[in-house]
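What follows is a short report on a single structure.
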Amino acid sequence: MDTASSSNQRSLERVVSQKAMQMSNSFPCQICVVGFLSGICIASLIMATLTSIGSFQFSHFSMLNLSFNSDLNSTIPQCSFKPKEIQRLTDLKSRKEIEQDERVSLLYSAWNCVLNKPTSGANKCLLELGINESNLLNAPHLENCKAKSQLHDRLDKRIGNDSFPPWTSWNPVAATTDQNQNFRSKAVSEGAYPPWIAGSDEENYPLTRKVQRDIWIHQHPSNCSDANVKFLLADWERLPGFGIGAQIAGMCGLLAIAINEGRVLVTNFYNRADHDGCKGSSRSSWNCYFFAETSLECHQRAFELMKSDDSLSRGILTTKENYSSKHIWTGPTPRIWGDPWNYLQPTTDINGSLVVSHRKMDRRWWRAQAVRYLMRFPTEYTCNLLNEARHAAFGKIAAKMVLESLVGEWPKENGERPKSDIEKYVWSNHKPWIPRPLLSMHVRMGDKACEMRVVEFEEYMMLANRIRKHFPNLKSIWLSTEMQGVIDKTKEYSSRWNFYYTKVRRQDRSNVSMAEYEGSLGRERSTNYPLVNFLMAADSDYFVGALGSTWCFLIDGMRNTGGKVMSGYLSVNKDRFW
């Protein structure tokens, strides 16, 4: 009987071995085989245990049990070790993961080659990586800044005697057709609206589209040399201690004065653009970062009038010095559009309650309109800054996503083919990719305690969790803060949230003034990274901040004129003037 049993067992082993060899190239079958062999191991161990116990009770079976256990141990010697099949599968998986990570890093580096570099330098960088330019995959998180700037330039100038720029034409091909020209003429006569406003009317502050169009018309007279055109020429505020937010808020006040007095606002020296990153005529000028508030012709006309004492005495030209600080900061809101602030939807949450009204509804509405106009079109320089920030934060995620979408193996296959018209003129109009939904969070601490109630990072995260409770697919946070301690605390939440932020040195101590901190960074960096954070916050799906901060107040305004009204705003405090 023992001989027959042993023979059957050996036959079974041969069959199992042959089947395993045949199926070794199939991953699902490998799993099945490993499971089957593991089952034999477990069964043999159970039998060995049972027979050992039985030897104490049934001594006349002890020799049989010993023989049977010996046979099992000899036929399945690998039961006490990890099966070779499992090790091989683990190695195969590790190898694939390593290869995938290498491709992701290669694509990320290739995109880095073309980021803000001249074509010759980019090509040399790509060749060093072993990649041809024609084989470089599209980067969904990056914009073609040169092309975008050229488009914005077209959309910010009148064509001939038209009342508006070609706002109804979104591509150069369509703009040349007779049918499109007829459509444009009709649209202009009925009142075209500016393209820098996203979302429906219900998703923006009341009258946003009309107000933006009217401000543009006011700031771009058809003939700047007309004797009836008056100007307000003003430098940006540069008193010590004035942050970027305060400077922008001050210019919003000057724009209100200009509209109330029927003047074209012309801005002059902007100290935060006085650095080597801003080239040529854009140095020390707002138009280093955003398109100018008026046309070049009106700029030139204002500076001509500045040389004439007669223009100043007759009031054709005024300057910032003609107005008191109180008038600039708390002057009357333009009333030519009525009182649309009385119709603001309550979408701001403070301490769990919606803010229905407050004493400064008109100022909140106007500053939103003014900051949207002043920042309507980022320049090529600002576009490049945003590309760099998105690439640093999301570049590797984008590379992995792109590679997973391919059928073949890159870079051996799947080179970029020539773009079709729909890619050039339709899909190119989409915003660059970011991991959505995205929550922006601005944590203001440090010396801001002298102006508002400062709260700890944990309270901001409580508000973030409130949003996530309603929108469970929310996992990503774009964090802006000047405090390193806040960045360090993100580790406590990293199991549930993905945090992204600009790579810049932050403050270690809360008793350092913002002016001192910005001075330690240098003018270029201390201006660039806040503006990147500002625009990222304006484009994010949700926002958590502190309305007691002017910066957060202005972000709120950009969001409420950028189609984000119904996303709401959770604030840890209220504005101190409410």
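- At distances below 3.5 Å, at least one donor-acceptor pair connects side-chain atoms of Asn465 with backbone N or O atoms of Met461.
- In this structure Trp341 satisfies the ring pair (Phe, Tyr, Trp, His ring centres under 6.0 Å) test together with Trp365, sequence neighbours excluded.
- Proximity of the aromatic rings of Trp551 and Phe534 is defined here by a centroid distance below 6.0 angstrom, and this criterion is met.
- Taking all atoms of both residues into account, the shortest heavy-atom contact from Pro334 to Ile259 is CB-CG2, 4.1 Å.
- For Tyr460 and Tyr493, the ring centers sit 6.0 Å or farther from each other.
- For Asn498, there are no side-chain hydrogen bond (donor to acceptor under 3.5 Å, both in side chains) partners at least two apart in sequence or on another chain.
- Inspection of the Tyr501 and Asn533 side chains reveals no N or O donor paired with an N or O acceptor under 3.5 Å.
- Identified under the salt bridge (charged side-chain N to carboxylate O under 4.0 Å, His left out) test for residues 542-564, with sequence neighbours left out: Arg364-Asp556.
- Evaluation of the side-chain contact (heavy atoms from CB on, under 4.5 Å) rule for His299 yields Val266, Ala292, Glu293, Thr294, Phe303 as partners, not counting sequence neighbours.
- Asn138 and Glu423 share no side-chain donor-acceptor pair at under 3.5 Å.
- For the side-chain hydrogen bond (donor to acceptor under 3.5 Å, both in side chains) criterion with Gln369, the lone passing option out of Asn204, Asn560, Thr208 is Thr208.
- A search for ring pair (Phe, Tyr, Trp, His ring centres under 6.0 Å) contacts involving Phe290 returns Trp286, not counting sequence neighbours.
- More than 12 heavy atoms of other residues, nucleotides or ligands shown are found within 6.0 angstrom of NZ on Lys503.
- Of the possible donor and acceptor atoms, one in the side chain of Ser405 sits under 3.5 Å from a partner among the backbone N and O of Val402.
- The environment of His470 atom NE2 is sparse: at most 12 non-hydrogen atoms of other residues, nucleotides or ligands sit within 6.0 angstrom.
- Within the structure, every pair that satisfies the salt bridge (charged side-chain N to carboxylate O under 4.0 Å, His left out) test and touches residues 367-393, not counting sequence neighbours, is listed here: Asp156-Arg376.
- Counting only heavy atoms from C-beta outward, the side chains of Tyr381 and Asn528 approach each other to under 4.5 Å.
- Of all heavy-atom pairs spanning Gln212 and Pro194, the tightest one is CB-CG, 3.7 Å.
- Using a 4.5 Å heavy-atom cutoff, the side chains of Arg506 and Met483 are not in contact.
- Annotation for Phe471: atom CZ counts as buried by contact number, over 12 foreign heavy atoms lying within 6.0 Å.
- Counting heavy atoms from C-beta outward, Leu155 and Phe291 have side chains that stay 4.5 Å or more apart.
- Under the salt bridge (Lys or Arg N to Asp or Glu O under 4.0 Å) criterion, Glu492 pairs with no residue at all, not counting sequence neighbours.
- Side-chain N or O atoms of Ser567 include one that pairs as donor or acceptor with a backbone N or O of Asp541 at under 3.5 Å.
- A donor-acceptor contact shorter than 3.5 Å is absent between the side chain of Ser540 and the backbone of Leu439.
- Every residue two or more places apart in sequence or in another chain that forms a side-chain contact (heavy atoms from CB on, under 4.5 Å) with Asp539 is listed here: Lys431, Ile434, Arg436.
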Practice task
Would you check, one step at a time, whether the test salt bridge (Lys or Arg N to Asp or Glu O under 4.0 Å) holds for Arg523 with Glu518?
Solution key: CA-CA 7 Å; Arg523 178 157 288 171; Glu518 289 181 342; over 6 Å; no
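- Cys278 places none of its side-chain heavy atoms less than 4.5 Å from the side chain of Tyr270.
- Nearest approach of Trp433 to Ala398, heavy atoms of both residues: CZ3-CB, 3.9 Å.
- Lys396 forms no cation-pi arrangement with Phe394, by the criterion of a distance under 6.0 Å to the ring centre and an angle within 45° of the ring axis.
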Exercise for the section: Walk me through it: do Leu233 and Asn268 pass the test side chain to side chain contact (heavy atoms under 4.5 Å, CB included)? Expected result: CA-CA 7 Å; Leu233 179 61; Asn268 190 17; 4.2 Å; yes
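- Surrounding CZ of Arg525 are at most 12 heavy atoms belonging to other residues, nucleotides or ligands under 6.0 Å away.
- In this structure, Cys298 and Phe231 have side chains that are in contact, with non-hydrogen atoms separated by less than 4.5 Å.
- The 12-atom threshold is exceeded at NZ of Lys489, counting heavy atoms of other residues, nucleotides or ligands nearer than 6.0 Å.
- Across His442 and Cys552, no two heavy atoms sit closer than the pair CD2-SG, 3.3 Å.
- Residues Gly395 and Trp111 come closest through the heavy atom pair O-CZ3, 3.7 Å.
- Here the side chain of Asn387 pairs a donor or acceptor atom with the backbone of Glu143 at under 3.5 angstrom.
- Without hydrogens or angle criteria, Gln247 side chain to Glu237 main chain gives a donor-acceptor distance under 3.5 Å.
- Using bins of under 30°, 30° to 60° and over 60° for the plane-to-plane angle, the ring pair Trp216/His220 lands in the parallel bin.
- Side-chain contact between Met536 and Leu438 is present, with heavy atoms from C-beta onward closer than 4.5 Å.
- Pairs passing the disulfide bond (SG atoms under 2.5 Å apart) check and including a residue from residues 353-395, sequence neighbours excluded, read Cys145-Cys383.
- Partners of His391 by ring pair (Phe, Tyr, Trp, His ring centres under 6.0 Å), not counting sequence neighbours, listed by chain and number: Tyr108, His141.
- The side-chain contact (heavy atoms from CB on, under 4.5 Å) check on Ser285 picks up Asn287, with sequence neighbours excluded.
- Counting heavy atoms from C-beta outward, Thr382 and Leu531 have side chains that stay 4.5 Å or more apart.
- Between the side chain of Asp201 and the backbone N or O of Pro206, no donor-acceptor pair lies under 3.5 Å.
- The side-chain contact (heavy atoms from CB on, under 4.5 Å) check on Ser428 picks up nothing, with sequence neighbours excluded.
- Leu374 places none of its side-chain heavy atoms less than 4.5 Å from the side chain of Thr267.
- Of all non-hydrogen atoms in Pro195 and Phe377, the two that sit nearest each other are CG-CZ, 4.2 Å.
- In this structure, Ser353 contributes its side chain and Ile350 its backbone to no donor-acceptor pair below 3.5 Å.
- Arg468 places a side-chain N or O within 3.5 Å of a backbone atom of Leu474 that can act as its donor or acceptor partner.
- Using modelled atom types, one side-chain atom of Thr481 and one backbone atom of Val443 make a donor-acceptor pair closer than 3.5 Å.
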